[in-house]
Colleague: 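Dumping the structure here so I can ask a few things about it.
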Amino acid sequence: MAKGLPKRSEDYSKWYNELVKKADLAEHSAVKGCMIIKPYGYSIWEKMQAALDKMFKDTGHSNAYFPLFVPKSYLSKEADHVEGFAKECAVVTHYRLKNAEDGSGVIVDPDAKLEEELIVRPTSETVIWSTYKNWIQSYRDLPILVNQWANVVRWEMRTRLFLRTAEFLWQEGHTAHATRREAEAETVQMLNIYATFAEEFMAMPVVKGVKTESEKFPGAIDTYCIEALMQDGKALQAGTSHFLGQNFAKAFDVKFADKEGKLEHVWGTSWGVSTRLMGALIMAHSDDEGLVLPPKLAPIQVVIVPIFKTEEQLESIREVADGFKHELLKLGVSVKFDDRDTNSPGWKFAEYEMKGVPVRIAIGPRDIENGTVEIARRDTKEKKVVSKDEAVQYITDLMEDIQRNIYAKAMDFRAELTTDVSSYEEFKEVLDGKGGFVSAHWDGTAETEEKIKEETKATIRCIPMDAEEEDGVCIYSGKPSKRKVLFARAY
RNA sequence: CGGGGCGUAGCGCAGCCCGGUUAGCGCACCUGGUUUGGGACCAGGGGGUCGCAGGUUCGAAUCCUGCCGCCCCGACCA
């Protein structure tokens, strides 16, 4: 393991890339824009999945699986939807390879051309709605509350590990309802689940809001989102929940008979979060020493590093360490005792700091003698010598404190980098200076939004749901505005 | 798709401008020994189609032509 990380203040983007590799989260694959998620990175994702999955189940959803391939014709059924995804779809045209006659290797067999080309799903609305058509006849079949954990492919020009990759992992929920009101409630409910997950598990504060017309999901009536702020002052969309209205029901002819026997189109929602959350998690808390993970998502919550010269010393440390391990495991804390004699303690300290392990226990001969251990926390790097008997309680308290502390720190940072402005001059000044979220009045037109984007590279991240009504004038056009919206430069 | 950069050992790089011993350094790896409270040290050792294909030359990692791949920065997007 190479040492050292570029400083955030010097080259944020390099810092991020190096961190992803050095913390053993992911690496680039042979295929451009794709990534290999390494076991350590993947186990963080699994913890995210587990927490989210439980929240989905607790609100009545079930998992299912729909195919990777989408018949090309499906994609053309909803006009906005095609428009949105056509440019980035991978297409399967053949189904067989053969050996080249000149022995140069394997080639696509030209005789094995598919009748209808298949699209690798960029998202599954079309497959799912074509299926829902068969599942739904009456109001008794509703609601349908389905989620799937899957991979999707969007052929992006420019990719970054976790933040934007050609193939990524996500969950996509697709629900069908009898009424508009119920579908809207579902959309908001799932947004709230995402926000709760981000704040309670990732320790990452988010703004809940609605996307503008130009930023919303192709095919949706409304797109709700959670927006987070990264340490470089750029915003990151961390999750979306869409109210689809009857758009897909109409495109795929999904109707149900209501209690009066009248045929109506079904109301839909879809919602998703992806491995992009990994990027958000990394950028929300980590420092120049490496990853900082919230205890609730850390694959290893506590690491025990022995400091020893002799085999006898190691054995007496092992006894203490095993005791801790046992007790902590009983409390549901994941513990690793790193008794390798191939690396020095100092090396291990640096290694686990890079990997963001929240709590480290060091035990050496001195501790054995005194009946103590040294406990270090990753977030502040503070160390404390604690008596052996108090250690378990100390650690469980400490983990809660770390979870709280990194959230509070991220919250303070966001508060610091959220600025109210009242003029376009001020707006540009803040963007070019400290960055972050800029709250400003906007006249509600796509033209103004587009102009501002062209001139400043800032986009409207969302219209915050808790925005209070207040009369003002648009910072760009001077036209009247009813509420402020949140601008930022974004990932 | 535009601009820039890179491709030499598992990783990170030097060598290339100005062609010429056996292609070198750090990390990692292997062996032995000493070490271990913040990325240990000494000695020895193994590992290379120099991205690919042509060309120039007595001789190419180095010069020329073409190609491929990846990364970074922009435009576009989750």
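Naming convention: chains lettered A, B, ... in sequence-line order (proteins, then strands); numbering from 1 in each chain.
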Colleague: If I pick the C1' atom on B:U65 and the same atom on B:G48, what distance separates them, to the nearest angstrom?
Modeller: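 Here B:G48 and B:U65 have their C1' atoms 26 Å from each other.
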Colleague: With rounding to whole Å, what would you report as the distance between B:G46 and B:G54 at their P atoms?
Modeller: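 The answer is 33 Å between these two P atoms.
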Colleague: Any salt bridge between A:Asp232 and A:Arg8, counting N to O under 4.0 Å?
Modeller: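 The answer is no: the pair does not qualify as a salt bridge.
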Colleague: Counting only distance, no hydrogens or angles, is the base of B:G38 paired donor-acceptor with the side chain of A:Lys383 under 3.5 Å?
Modeller: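 Yes, the side chain and the base share a sub-3.5 Å donor-acceptor pair.
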Colleague: Is B:G69 paired to anything, Watson-Crick or G-U wobble with both distances less than 3.5 Å, and if yes, which nucleotide?
Modeller: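 Pair assignment: B:G69 / B:C6.
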Colleague: Would you mind pulling out the nucleotide paired to B:G74, Watson-Crick or G-U wobble, both distances under 3.5 Å?
Modeller: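 Pairing partner: B:C1.
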Colleague: Which of the following nucleotides, B:G38, B:U36, B:G37, is nearest to the side chain of A:Asp367?
Modeller: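 Taking heavy atoms from C-beta onward, the closest nucleotide is B:G37.
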Colleague: How close or far is atom P of B:C41 from atom CH2 of A:Trp347, stated in whole angstroms?
Modeller: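 Those two atoms, CH2 and P, are 15 Å apart.
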Colleague: Would you kindly give the CZ-to-P distance between A:Arg378 and B:G38, to the nearest whole Å?
Modeller: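 Checked: the CZ to P distance equals 17 Å.
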Colleague: Do A:Arg489 and A:Asp432 meet the salt-bridge criterion of a basic N to acidic O distance under 4.0 Å?
Modeller: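 Yes, this pair counts.
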Colleague: With A:Ile406, which of A:Arg378, A:Met204, A:His285 fulfils side chain to side chain contact (heavy atoms under 4.5 Å, CB included)?
Modeller: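 One option only clears the test, and that one is A:His285.
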Colleague: For B:G59, what is the paired nucleotide under Watson-Crick or G-U wobble rules, both distances under 3.5 Å?
Modeller: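 In the structure as shown, B:G59 has no Watson-Crick or wobble partner.
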Colleague: Under the ring pair (Phe, Tyr, Trp, His ring centres under 6.0 Å) test, which residues partner A:His61, sequence neighbours left out?
Modeller: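 In terms of ring pair (Phe, Tyr, Trp, His ring centres under 6.0 Å), with neighbours along the sequence ignored, A:His61 is linked to A:Trp271.
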Colleague: Counting heavy atoms from C-beta on, name the nucleotide in B:G39, B:U36, B:G38 closest to the side chain of A:Glu351.
Modeller: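 The closest nucleotide is B:G39.
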Colleague: Say you pick atom C1' in B:C41 and the same atom in B:G7; how far apart are they, in whole Å?
Modeller: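 So the two C1' atoms sit 35 Å from each other.
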Colleague: Please report, rounded to the nearest Å, how far the P atom of B:G38 is from the CZ atom of A:Arg377.
Modeller: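 Whole-Å distance recorded here is 21 Å.
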Colleague: Rounding to the closest angstrom, what is the interatomic distance between B:G51 and B:A9 at atom C1'?
Modeller: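 Here B:G51 and B:A9 have their C1' atoms 15 Å from each other.
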Colleague: With a 3.5 angstrom cut-off on both distances, give the Watson-Crick or G-U wobble partner of B:C17, or none if there isn't one.
Modeller: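 Answer to the pairing question: none, since B:C17 forms no Watson-Crick or G-U pair.
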Colleague: Between A:Glu27 and A:Lys38, is the closest basic N to carboxylate O distance under 4.0 Å?
Modeller: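 Between A:Glu27 and A:Lys38 there is a salt bridge, with a charged N closer than 4.0 Å to a carboxylate O.
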Colleague: What distance, rounded to whole Å, do you find between the two C1' atoms, one in B:A23 and one in B:G47?
Modeller: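 Rounded to whole Å, the distance is 14 Å.
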Colleague: I want to know whether A:Phe248 and A:His81 have ring centres closer than 6.0 Å.
Modeller: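 Yes: the rings meet the under 6.0 Å criterion.
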Colleague: Does B:A43 pair with anything, Watson-Crick or G-U wobble, both distances under 3.5 Å, and if so, with which nucleotide?
Modeller: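 With both distances under 3.5 Å, B:A43 matches B:U31.
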Colleague: Roughly, in whole Å, what's the span from CD in A:Glu369 to C1' in B:G37?
Modeller: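 That distance rounds to 14 Å.
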Colleague: With heavy atoms under 4.0 Å as the rule, sort A:Arg360 into base, sugar-phosphate or nothing.
Modeller: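 Base, at least one base heavy atom under 4.0 Å.
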Colleague: Sugar-phosphate atoms are those with a prime plus P, OP1 and OP2; base atoms are the rest. Using that split, label each nucleotide of nucleotides 71-78 of chain B B, S or - for protein heavy atoms under 4.0 Å, 5' to 3'.
Modeller: SSSBB-BB
Colleague: Using only heavy-atom distances, determine whether the side chains of A:Thr126 and A:Glu78 contain a donor-acceptor pair under 3.5 Å.
Modeller: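 Distance-only check fails for A:Thr126 and A:Glu78.
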Colleague: Please determine, for B:G54, whether a Watson-Crick or G-U wobble partner exists with both distances under 3.5 Å, and give it or none.
Modeller: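 Paired with B:G54, as far as the under-3.5 Å criterion goes, is B:C64.
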Colleague: Taking atom P in both B:C73 and B:C67, what distance in whole Å separates the two?
Modeller: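 Here B:C73 and B:C67 have their P atoms 26 Å from each other.
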Colleague: Please give the distance between the C1' atoms of B:C50 and B:G15 as a whole number of Å.
Modeller: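 Taking atom C1' in both B:C50 and B:G15, they lie 11 Å apart.
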Colleague: Report all side-chain donor-acceptor pairs from residues 388-395 of chain A shorter than 3.5 Å, counting only partners two or more places apart or in another chain.
Modeller:
from, atom 1, to, atom 2, distance (Å)
A:Gln393, NE2, A:Asp397, OD1, 3.0
A:Gln393, NE2, A:Asp397, OD2, 3.4

Colleague: Can you check the distance between B:C6 and B:A14, where both ends of the measurement are the P atom (answer in whole Å)?
Modeller: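 Nearest-Å result for B:C6 against B:A14 at atom P: 9 Å.
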Colleague: For the pair made of CD1 in A:Ile304 and C1' in B:G37, what is the distance, rounded to whole Å?
Modeller: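 A:Ile304 atom CD1 is separated from B:G37 atom C1' by 16 Å.
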Colleague: Just how far, in rounded Å, is P of B:A28 from NZ of A:Lys21?
Modeller: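 My rounded result for the distance is 20 Å.
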